[in-house]
Amino acid sequence: MSVRVRFAPSPTGFLHIGSVRTALFNWLYARHTGGTFVLRIEDTDAARNTEQSLRTILDGLKWLGLDWDEGPEKGGSCGPYFQSQRADLYRKRVRQLLDAGIAYEREGAIRFKMPRTPITVPDLIAGNVTRELADRELQDPDFVIVRSDGNPVFHFVNVVDDLEMKITHVIRGEDHLSNTPKHIALFRAFGVEPPKYAHIPMILNPDGTKMSKSDPDPQKARLASLQTYLNEGYVPEAVRNYLCLLGWSPKDNREILPIDDVIRLFDLPQILRANARFDLAKLTWINAEYIRAMSLERFIELARPFVGGHDDPKVLGLVKEKVKLLKELPDWTSYFFTDDYPFDPEAVKKSCSAPQTSERLTKLADRFATVNSWDVAGIETALKALAAELGVKTGELIHPCRVAVSGKSAGPSLYHMLEVLGRDRVLARLRRAVDRSKK
RNA sequence: GACCCCAUCGUCUAGCCCGGUCCAGGACAUCGCCCUUUCACGGCGGUAACACGGGUUCGAAUCCCGUUGGGGUCGCCA
């Protein structure tokens, strides 16, 4: 029988990074097995659902390349894929339990008669988990499936949908493990075998606390939302690669690997059972690796939203190897697009404090004016020749020159930078720097 | 409080199922050196872990029990 898995988010607020990882593992398993990845929107909480949030979910999944086979914008034979449109189905299933005497009404709500004997969850990751009842459940293990306002609750609709949508494997966060006996009992009450379960460990904050979008600490709240990574200039293939490594490993010491390799190697039983902490530093490293390795075309495409129209391929090509986050781009490139760039005081102090700086820069400008062809080789030859004539190390010219034309002490190779800047601007900037220093 | 899950360097992990090849391997971070026009990249090297206590065994990171610590669940939230 063909594998059918699903990702079932509720459209309330931002997309949680933990949810994204759950979606990713479902997607990986579907692609690994040649199965079907279903996207179902659990929008039963009308008060909290927003259209905006739905967009965020769909865009987030697309951004990461997690395409779904059935669901919103896709359709499929088990629709509708919004719970808000499946009320009739739920009503029918409630009726079924009521008629069978497995559910009953009390205080306006409909409750499910939970079996009194413990239920074992055969979990593909955690093993067999038998949960004894918590002391508060001891008096009354039954639970509400339809509220007094007539709306069915999560546990119920979740099971009904998984059943109707013929889901074969439920891959979800470990926070659902303790509730799974309820779900299994429901499946059995409907006379069907429950799907296979795989509860994946949680992703925690760097300090080991739970990741929450509503954490009072804004730093942690930001960490929990996928949007943050998009805004900061992480690239989707890096985020996806990093997420794969949280709770799963190719076991061959590779850290960076193509998604096709992950799909091929991925399987449920080898997922780790322990929670993992989110490590921004490692994500950032992976991000830089991906940026360096990607084509210039891809880089420009991803960089565009961050550079405000300044997407000159020559400029971006110069900094591609330097950038860790796309958000840094304006910082690396702004002096290519404006003459009004800031001077880093530290850089000025460090590189331009020699008394001969002005004289040297003037001579450098004069020399550059005579260069025949303004390219890397010509620039380098001219600069080195001047340094030799002056009897100074090339660095004595290079560093002040860099600061003069860019305002910074760090940047691309100087010769390449000057070439892209163009002779006119370089000369103007060198002379302007000299004037500046005289004031 | 009850119940469930988990426990290898600061972090992610390999090894654990099928005890010996592990005085525990890789990566990020960190420190030092090299390369170098800057910053990165790259290269080389260092610091750094089997939570603790009992067993079982000739032998335990690997199996068992307990303790501690972390996480989760016990809603007419999802």
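Lettering follows sequence order; numbering is per chain, from 1.
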Touch class at under 4.0 angstrom, heavy-atom based, for A/P412 against every strand present: base

Touch class at under 4.0 angstrom, heavy-atom based, for A/R292 against every strand present: sugar-phosphate

Contact residues, residues 116-124 of chain A to RNA chain B [heavy atom, < 4.0 Å]: none

Set of side chain to side chain donor-acceptor pair (under 3.5 Å) partners for A/T180, sequence neighbours left out: A/R172, A/H199

CZ/A/F368: more than 12 non-hydrogen atoms of other groups inside 6.0 Å: yes

Within 6.0 Å of CD in A/E389, more than 12 heavy atoms from elsewhere: yes

Pairs meeting criterion salt bridge (charged side-chain N to carboxylate O under 4.0 Å, His left out) with involvement of residues 391-413 of chain A, two or more places apart: A/R360-A/E396

Pairwise salt bridge (charged side-chain N to carboxylate O under 4.0 Å, His left out) hits with a residue in residues 268-286 of chain A, at least two apart: A/E255-A/K282

Footprint string (nucleotides 10-16 of chain B, 5' to 3'): B base within contact, S backbone only, - free, heavy atoms under 4.0 Å: -BBSSS-

N/O donor-acceptor pair, side chain A/S409 with base B/C39, under 3.5 angstrom: no

Parallel, tilted or perpendicular: rings of A/F156 and A/Y90 (30°, 60°): perpendicular

Geometric class of the A/F143/A/H155 ring pair [parallel <30°, tilted 30-60°, perpendicular >60°]: perpendicular

Short N/O separations, protein against nucleotides 1-3 of chain B, under 3.5 angstrom:
from	atom 1	to	atom 2	distance (Å)
B/G1	O2'	A/D135	OD2	3.3
B/G1	N2	A/D135	OD1	2.8
B/A2	O4'	A/D135	OD2	3.1
B/A2	O2'	A/D135	N	3.2
B/C3	O2'	A/E132	O	2.9

Of all the choices, [options], which nucleotide is nearest to the side chain of [X] once you look at every atom?
X      : options             : value
A/V144 : B/C4, B/C76, B/G71  : B/C76
A/W285 : B/G71, B/C76, B/A27 : B/A27
A/E289 : B/G42, B/U37, B/U73 : B/G42

Test log, rule ring pair (Phe, Tyr, Trp, His ring centres under 6.0 Å), inputs A/H176 and A/F154: CA-CA 12 Å; A/H176 288 290; A/F154 162 77; 5.6 Å; yes

N-O pairing of A/E164 and A/R86 below 4.0 Å: no

B/A24: pairing nucleotide in any strand, Watson-Crick or G-U under 3.5 angstrom: none

Short side-chain N/O contact from A/T44 to OP1 or OP2 of B/A78, under 4.0 Å: yes

